[in-house]
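Notes to accompany the following structure.
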Amino acid sequence: QVRLVESGGGLVQPGGSLRLSCTASGSIFSIYAMGWYRQAPGKQRELVASITRGGTTNYTNSVKGRFTISRDNAKNTVALQMNSLKPEDTAVYYCNARISTATTYASRDYWGQGTQVTVSS
């Protein structure tokens, strides 16, 4: 069974920083990509950033220059460093991973439980 465990959410002031971390564990054959999504009240879930196993990154325009995604393939971990946070960054952030398991070898998306990020003075 594959599971994703997240940490790092919390309350910060505008201009502050947070670092989110997510680790995948279980019967994993390969992780093709990992990323972070977020969902604010009344809004659709949106992709924040993603990274492939080879290191190719993608960011939504609103976080470019402020957020940095990274991964440690050996530890099956992805992190999101969030700097210069704004109130509009407030949302539940979800870890996502595209994984093929050691039992089926078929890829699918797995999701973390979500972690709250609140940016407020």
Side-chain angles (χ1 to χ4, degrees):
Q1 182 178 355
V2 175
R3 64 181 300 204
L4 273 56
V5 179
E6 307 172 53
S7 64
L11 172 65
V12 296
Q13 298 183 62
S17 298
L18 280 176
R19 182 178 183 272
L20 306 182
S21 182
C22 173
T23 298
S25 62
S27 185
I28 298 171
F29 178 74
S30 182
I31 300 179
Y32 298 101
M34 301 185 79
W36 293 91
Y37 289 72
R38 67 185 180 188
Q39 187 167 22
K43 303 290 186 179
Q44 289 189 327
R45 186 174 297 187
E46 66 170 345
L47 174 69
V48 179
S50 64
I51 186 167
T52 68
R53 183 174 181 85
T56 301
T57 59
N58 184 50
Y59 299 90
T60 189
N61 286 336
S62 63
V63 308
K64 288 181 178 178
R66 299 188 297 120
F67 292 8
T68 302
I69 191 169
S70 61
R71 84 281 182 270
D72 186 334
N73 290 336
K75 297 180 179 179
N76 295 331
T77 297
V78 64
L80 185 68
Q81 180 66 46
M82 304 185 293
N83 299 325
S84 302
L85 283 162
K86 305 174 180 179
E88 48 263 49
D89 294 317
T90 296
V92 177
Y93 284 69
Y94 297 90
C95 179
N96 168 266
R98 178 69 58 82
I99 296 173
S100 62
T101 68
T103 54
T104 68
Y105 301 101
S107 65
R108 56 156 287 188
D109 283 348
Y110 292 85
W111 294 89
Q113 78 286 349
T115 184
Q116 178 70 47
V117 172
T118 302
V119 185
S120 176
S121 59

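- The line from CG of Leu4 to CE of Met34 is 5.0 Å long, rounded to the nearest 0.5 Å.
- For Arg3, the CZ atom counts as loosely surrounded, since its 6.0 Å shell holds 12 or fewer non-hydrogen atoms of other residues, nucleotides or ligands.
- Within the 4.5 Å cutoff, the side chain of Ile99 has no heavy atoms near those of the Asn76 side chain.
- A continuous path of ILVMFWY side-chain contacts below 4.5 Å connects Val12 to Tyr93, so both sit in one hydrophobic cluster.
- The two residues Tyr59 and Ile69 come nearest to each other via the heavy atoms OH-N, 2.9 Å.
- Side-chain contact annotation: Ser120 with Thr118, donor-acceptor N/O pair under 3.5 Å absent.
- Within the 4.5 Å cutoff, the side chain of Thr60 has heavy atoms near those of the Glu46 side chain.
- Proximity of a side-chain donor or acceptor of Arg66 to a complementary backbone N or O of Ser84 within less than 3.5 Å is detected.
- No continuous path of ILVMFWY side-chain contacts below 4.5 Å connects Val63 to Tyr94, so the two sit in separate hydrophobic clusters.
- Within the 3.5 Å criterion, the main-chain N or O of Gly114 finds a donor-acceptor partner in the side chain of Glu6.
- No chain of hydrophobic side-chain contacts below 4.5 Å, direct or via other Ile, Leu, Val, Met, Phe, Trp or Tyr residues, connects Val78 to Tyr37.
- Inter-residue side-chain proximity for Trp36 and Cys95 is flagged as met; some heavy-atom pair is nearer than 4.5 Å.
- Val119 and Val92 fall into different hydrophobic clusters, where Ile, Leu, Val, Met, Phe, Trp and Tyr are joined by side-chain heavy atoms under 4.5 Å apart, directly or via other members.
- The shortest heavy-atom contact between Ala49 and Leu80 is CB-CD1, 4.1 Å.
- To the nearest 0.5 angstrom, Thr101 atom OG1 is 9.0 Å from Arg108 atom CZ.
- Considering only heavy atoms from C-beta on, Arg38 stays 4.5 Å or farther from Val117 through its side chain.
- Residues Lys43 and Gln39 approach most closely at O-NE2, 3.1 Å, considering heavy atoms.
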Side-chain donor-acceptor contacts of residues 13-29 below 3.5 Å, not counting sequence neighbours, with atom names and distances?
residue: Ser17; atom: OG; partner: Asn83; partner atom: OD1; Å: 2.9
residue: Thr23; atom: OG1; partner: Thr77; partner atom: OG1; Å: 3.0

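- At a threshold of 4.5 Å between non-hydrogen side-chain atoms, the residues Thr90 and Gln116 count as touching.
- Looking only at side-chain heavy atoms (C-beta outward), Leu85 and Phe67 come within less than 4.5 Å of each other.
- For Gln44, the CD atom counts as loosely surrounded, since its 6.0 Å shell holds 12 or fewer non-hydrogen atoms of other residues, nucleotides or ligands.
- Under a 3.5 Å cut-off, the side chain of Asn73 and the backbone N or O of Arg53 do form a donor-acceptor pair.
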